[in-house]
Amino acid sequence: TATTPTQYYTAIIVGAGFAGIHQLHTLRRHLNISAVLLDSAPDVGGTWYWNNYPGATSDVHSHVYRYSWDKELLQSSPWENWYLTQPEVQRYLASVVDKHDLRRDIQFDTEVTGATWSEETSMWTVKTTTENEVFTCRFLITALGALSRKNYPDIKGMRDVFKGDMYHTASRRTWPSARDFRGKRVGIVGNGSTGSQLLVALAKEAKHVTSFQRTPQWNVPNGNRRVTSQEREEVNKKYDEIWEGVRNSAVAFGFPEATTSTFSVDEEERTRRFQEAWDQGNGFRFMFGVFGDTTTDRRANEAACGFIRGKIEEIVKDPETRRKLVPNEPYARRPICNDGYYETFNRENVALVSLRETPFAEVTERGVKTADGVEHVLDVLVFATGFDAVTGSYLDLDIRGRGGKSLNGHWEEPSRPSSYLGFSCAGFPNLFTISGPHHPFTNAPPQIEAQVEFITGLVEVVGEEGVVEAREEAEERFTDLSNRFVEGSIFHEARGWVFGDNVDGKTHRNSLWFGGLKKYREYLASVKENGYEGYTVTRV
Ligand code: NA7
């Protein structure tokens with residue numbers, strides 16, 4: 001309105017997770033431009049703010065699940081275990097924000113609902129849910145994360161019939177503050193990274209836990225344990241070297257990816273290597289660190305599956321439960337890992353329901369009923385049903401580019417989702433969607449660093465009076481290249497969030513760059529070296 005003063009910033013960043021914080025810090029430190037970071041949450045963390053369900057833990061080794069440039073914090077506030085829990089990640093991000101005095105440029109409790117590009121002023125107008133505020137900016141940088149829009153099943157009666165407590169794992173506001181599950185009967189829908197972590201955590205505490213499983217997944221241990229002082233010293237000493245390795249690897253997890261092919265060694269040696277990886281733990285290591293062809297060769301993949309199948313058979317005592325837990329798809333989703341997952345099904349207070357065999361019929365006052373007529377009586381029903389990933393993060397955001405073109409519409413067209421470099425789209429000047437379509441399938445912080453550093457460099461070149469826009473043909477070329485990496489793999493044979501298969505009605509399409517971080521960084525570097533080719537820069 002005429003009475004509402006407009007707040008202008010050179011850059012507005014949306015989302016105070018790993019990406020948004022790094023983007024704010026980088027713009028501030030390198031360019032010293034005016035910038036504000038908006039987030040709907042009351043504190044920092046992004047996905048690590050919202051996902052505070054019991055058992056929430058990162059599955060990347062703690063010394064590479066952080067910013068590579070923050071060596072001083074690594075040394076001064078050492079991690080305890082090989083994996084960080086949700087509160088630890090959140091505390092780490094908060095400590096970075098405080099250390100670099102970034103909080104003064106962050107506005108919390110402010111949900112961005114849309115943004116419109118004005119061709120007249122060459123500025124974005126950003127709409128929020130806060131009253132009496134209008135924001136405008138030259139550059140809009142969305143750091144929403146690839147996994148932020150919650151996905152729910154559609155079960156008859158689930159919204160209004162159940163008398164117990166109901167939560168989505170990613171919905172912090174709905175979790176009870178006193179999280180005491182003693183004496184409670186809990187149902188968990190979903191068995192991905194989240195559902196399996198929650199199951200293991202709650203089984204130790206609740207009276208009874210039922211895992212409602214639609215598709216069994218391959219799960220390996222993560223090998224979490226305390227970091228010894230010797231190990232810590234070693235990491236501190238080799239930190240730069242370790243990060244060089246991360247940047248020059250494919251999945252950026254801090255281990256060298258294997259190049260040996262599965263059948264170049266005999267069966268005994270194969271089993272020995274799988275066993276070694278099983279004992280050491282970590283899903284990405286098991287998938288990419290044992291043999292080089294696990295995700296590209298069907299027979300090699302089956303060898304890995306065979307080993308895990310053997311473990312399920314060895315560990316799980318009840319034959320029916322065992323049968324239901326064995327996946328019937330290749331080992332080709334985002335790999336998951338969890339200490340004690342299969343062992344948990346041997347507990348007397350844990351049950352497994354296969355939704356393939358007995359789908360949900362309805363939610364009742366006392367629990368859920370499955371198609372076989374059984375009513376599973378529950379005090380708590382938790383949806384660990386994941387996210388409408390990547391493009392899904394934008395569904396609640398009405399972004400309008402040149403000529404009123406909708407970003408969500410842009411990604412719905414036949415060959416989509418698409419982007420140039422994972423963060424630019426033709427028709428959307430001065431917009432950068434960090435971790436957007438075709439960002440690399442890797443450990444998140446290092447791929448975020450690559451994107452943020454590139455974007456900051458580009459903003460510097462373009463300048464406060466500049467407008468930069470990806471060319472259509474560059475977007476098409478990049479998207480085609482990204483899709484070609486998948487064609488050479490078996491990833492698309494498994495049905496997970498990467499291809500949108502988890503969401504009812506979403507079309508099966510690749511949304512990530514499977515070419516690895518090294519190749520992605522090389523691509524970014526060559527674009528930069530060639531004067532930011534693929535972009536058009538104009539002055540206001
Ligand atoms: P995921 O990995 O997408 O897992 C979601 C789980 O929920 C999975 O088991 C799904 O079964 C299940 N699901 C989803 N929709 C339904 C419906 N309608 N009915 C029954 N079950 C359903 O999400 P997470 O939160 O575990 O992990 C996401 C990422 O976060 C993870 O990859 C890490 O990067 C961190 P499905 O397999 O689709 O049959």
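These numbers were taken from a predicted model, which means no experiment stands behind them. Indexing begins at 1, ligand by ligand and atom by atom, following the structure's order.
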Going by the 4.0 angstrom heavy-atom rule, the piece of L355 near ligand 1 is side chain

H376/F212 aromatic ring centres below 6.0 Å: yes

Please state which protein non-hydrogen atom is closest to atom 13 (N) of ligand 1 and give its distance, to 0.1 Å? T385 CG2, 3.7 Å

shortest atom 6 (C) of ligand 1-to-protein heavy-atom contact is with A384 O, 3.4 Å

Under a 3.5 Å cutoff, is there a donor and acceptor pairing between the side chains of T215 and R495? no

Decide, yes or no, whether a salt bridge links K163 with E365 under the criterion of side-chain N to carboxylate O below 4.0 Å. yes

Tell me which protein heavy atom sits closest to atom 27 (O) of ligand 1, plus the residue, atom name and distance to 0.1 Å. T194 OG1, 3.7 Å

Look at atom 30 (O) of ligand 1 and say which protein heavy atom is nearest, naming residue and atom and giving the distance to 0.1 Å. L147 CD1, 3.6 Å

So for ligand 1, is Y152 a polar contact partner (N or O within less than 3.5 Å, distance only)? no

Could you tell me whether some N/O pair between S193 and ligand 1 is separated by less than 3.5 angstrom? yes

Which residue and atom name correspond to the protein heavy atom nearest atom 3 (O) of ligand 1, and how close is it? W497 CD1, 3.6 Å

Which residue, K207, K184, R185, R182, forms the salt bridge (charged side-chain N to carboxylate O under 4.0 Å, His left out) with D379? R185

Give a yes/no verdict on whether any heavy atom in R333 is under 4.0 Å from an atom of ligand 1. yes

Location of contacts on A170 toward ligand 1, heavy atoms closer than 4.0 Å: neither

Please could you name the atoms of ligand 1 that N151 approaches to less than 4.0 Å, counting only its heavy atoms? 14 (C), 15 (N)

Less than 3.5 Å between some nitrogen or oxygen of D504 and one of ligand 1, yes or no? no

Are any of the N or O atoms of R214 closer than 3.5 Å to those of ligand 1? yes

So, regarding G190 and ligand 1 (criterion: nitrogen or oxygen to nitrogen or oxygen, under 3.5 Å), is there a contact or not? no

Atoms of ligand 1 under 4.0 Å from any heavy atom of V189, numbered from 1 in the order shown, are 20 (C), 21 (N)

Residues which pass side chain to side chain contact (heavy atoms under 4.5 Å, CB included) with A170, listed by chain and number, not counting sequence neighbours: N51, K150, H168, F387

Aromatic centroids of F491 and F514 separated by under 6.0 Å: yes

Counting non-hydrogen protein atoms only, what is the nearest one to atom 23 (O) of ligand 1? Give residue, atom name and distance. G386 CA, 3.3 Å

Counting only heavy atoms, tell me which of E329, R334, R356 gets closest to atom 34 (O) of ligand 1. R334

Less than 3.5 Å apart, any donor N or O on the side chain of Q197 or T194 sitting next to an acceptor on the other? no

min-distance protein heavy atom vs atom 39 (O) of ligand 1 -> T215 OG1, 2.5 Å

State yes or no: are the ring centers of Y67 and F18 separated by less than 6.0 Å? yes

Looking at R309 and E302, is there a salt bridge between them, counting it only when a charged N and a carboxylate O are closer than 4.0 Å? yes

Considering distance alone, does some N or O of R495 sit under 3.5 Å from an N or O of ligand 1? no

Quick test of your reading of the structure: of G192, A56, P153, P335, whose heavy atom lies closest to atom 18 (N) of ligand 1? P153

Please report the closest heavy-atom contact between V290 and A277, naming both atoms and the distance. CG2-CB, 3.4 Å

Consider only side-chain N and O atoms of Y331 and T295, and report whether a donor and an acceptor are under 3.5 Å apart. no

Ligand 1 contacted by F387 (non-hydrogen, < 4.0 Å): yes

the protein heavy atom lying closest to atom 9 (O) of ligand 1 turns out to be N191 N, 2.9 Å

Interatomic spacing from CZ in F108 to OG in S40 - rounded to 0.5 Å: 10.5 Å

Would you say R247 and S68 are linked by a side-chain donor-acceptor pair, where the criterion is simply a distance under 3.5 Å? yes

